[in-house]
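The structure under discussion appears below in the form of structure tokens.
Quick caveat, the model's predicted, so the values are computed rather than measured. Because only heavy atoms are used, hydrogens play no part in the values below, and waters and symmetry mates are left out as well, while side chains stay in. Just so you know, ligand 1 is whichever comes first in the structure, and atom 1 is the first atom listed for that ligand.
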Amino acid sequence: MAADSPPLPPSRSEGGDFDLGVDADITRARTPPPELYTSAEVFARVRSRVFTPAWHMVPSLAGRETGEALPFELLPGVLDAPLVLVRGTDGVVRCLSNVCTHRANLVVEGPGCHKALRCRYHGRRFSLDGRFAFMPEFEGAEGFPSEDDSLVSLPLTSLGPISLASLGPRVAAADLLRPIQERLAFAPWDRLERKGERVYDVPANWALYVENYLEGFHVPFVHPGLAGALDYASYRTELFDWSNLQVGVARKGEACFSLPAGHPDQGQSIAAYYFFLFPCTMVNVYPWGVSMNAVEPAAIDRTRVRFVSWVWDESRIGEGAGADLDAVELEDEAVVASVQRGVRSPLYKGGRYSPARERGVHHFHRLLALALYG
Ligand code: FES
Ligand SMILES: [Fe+2]
């Protein structure tokens with residue numbers, strides 16, 4: 001459902017002075033106060049109310065066999081949740097807590113293939129779907145085993161071979177992903193092959209990185225190369241309930257999608273679809289494939305951004321708006337790091353939005369206000 005103004009209640013303060021106070025009307029609204037990026041209390045709230053219930057891009061077990069397990073940690077430094085992806089005997093991939101339900105040892109210590117998951121501390125065993133299977137020396141323990149003795153299984157969803165998991169989602173996966181699935185139903189998601197991953201350390205608060213992503217306003221100023229591929233006048237933003245989309249239209253002669261008959265953008269030369277899934281996932285879709293960005297706070301003023309690329313048409317890599325993502329990223333990082341220095345200034349009090357060019361940023365701030373204080 002595309003809408004000019006998503007139906008959000010106004011933000012309000014909850015037992016504190018701080019309130020994002022972002023007016024629903026962009027023509028009147030002021031951007032959030034700098035405490036959003038600098039206050040430890042706000043950051044603690046972001047952790048519990050924004051990132052704990054978020055959907056996060058997780059590693060993929062696509063193509064891996066029964067019993068394959070891949071441990072990883074979700075948002076080290078902020079969520080610190082050891083998880084493990086496991087393909088069960090039924091062929092289903094699950095995302096499980098990798099913390100033993102006895103005394104919290106990590107169960108799976110490295111990638112590998114298993115018949116069962118066994119904790120090496122005191123020998124507790126779980127089946128590949130995470131269910132408690134066996135524990136020595138527990139005769140006489142009342143009410144044991146119970147549901148609580150199995151490994152927690154997280155909601156997991158997918159876009160083709162790309163997986164997203166959540167510790168306890170605020171938004172249903174179907175609602176979050178629907179705008180992508182509808183707009184890009186024609187794309188060969190099942191043909192995607194994972195190409196590579198790059199991790200960037202950005203010396204700035206995570207929200208500054210997201211804001212920068214959400215507007216094409218800076219493209220002519222910050223990205224000379226990208227500006228040559230995109231038609232700035234046609235660049236536009238569409239808002240959905242918990243996501244938004246920037247449509248990059250190609251300049252004449254630049255690479256674009258071949259859209260099927262009846263597609264809403266048929267007749268236009270679309271160079272890129274930039275989807276943002278609140279709060280921390282970017283799905284950038286190009287004629288060659290998909291570049292996923294996971295924005296992960298590492299600390300209040302440090303952000304790790306993981307770029308994972310998935311390709312469906314190798315022959316088109318290097319064309320158009322998705323050609324040199326590394327150069328564009330470094331240009332973005334430099335400006336975001338500069339903004340981080342600016343928001344620390346006692347003289348900065350927040351600003352105003354361009355109604356024409358910053359609807360995505362305003363939408364993000366409204367969603368953030370709702371998640372933090374709604
Ligand atoms: S902590 Fe795993 S069996 Fe004791
Ligand atoms: Fe940029």
With respect to atom 4 (Fe) of ligand 1, please indicate if H102 possesses an N, O or S atom at a distance under 2.8 Å. yes
Looking at H122, the N/O/S atom that lies nearest to atom 4 (Fe) of ligand 1 is called ND1
With a 4.0 Å cut-off on N to O distance, would you call R87 and E68 a salt bridge? no
Is V361 linked to F217 within one hydrophobic cluster, defined over Ile, Leu, Val, Met, Phe, Trp and Tyr using a side-chain heavy-atom separation of less than 4.5 Å? no
Counting each atom of ligand 1 from 1 as listed, which ones have a heavy atom of R124 under 4.0 Å away? 3 (S)
Just to the nearest 10 degrees, tell me the angle at the Fe ion (ligand 2) spanned by D332 OD2 and H218 NE2. 150°
When you measure from atom 4 (Fe) of ligand 1 to the N, O or S atoms of C100, does any of those distances fall below 2.8 Å? no
Considering non-hydrogen atoms only, spot the tightest contact between W288 and W310 and give its length. CZ3-O, 3.6 Å
So does C119 have any N/O/S atom less than 2.8 Å away from atom 2 (Fe) of ligand 1? yes
Compute whether any side-chain donor of one residue and acceptor of the other, for E211 and Y37, lie under 3.5 angstrom apart. yes
Passing candidate, side-chain contact (heavy atoms from CB on, under 4.5 Å) with L96, options L151, L128, D129: L151
Can you tell me the protein heavy atom closest to atom 1 (S) of ligand 1 and the distance? R103 N, 3.3 Å
Atoms of ligand 1 under 4.0 Å from any heavy atom of N105, numbered from 1 in the order shown, are 1 (S)
Verify whether one side chain among Y273 and D265 offers a donor that lies under 3.5 Å from an acceptor in the other. yes
With respect to the Fe ion (ligand 2), please indicate if E331 possesses an N, O or S atom at a distance under 2.8 Å. no
By the definition side-chain contact (heavy atoms from CB on, under 4.5 Å), identify the one residue from R124, H102, M135 that meets it with D149. R124
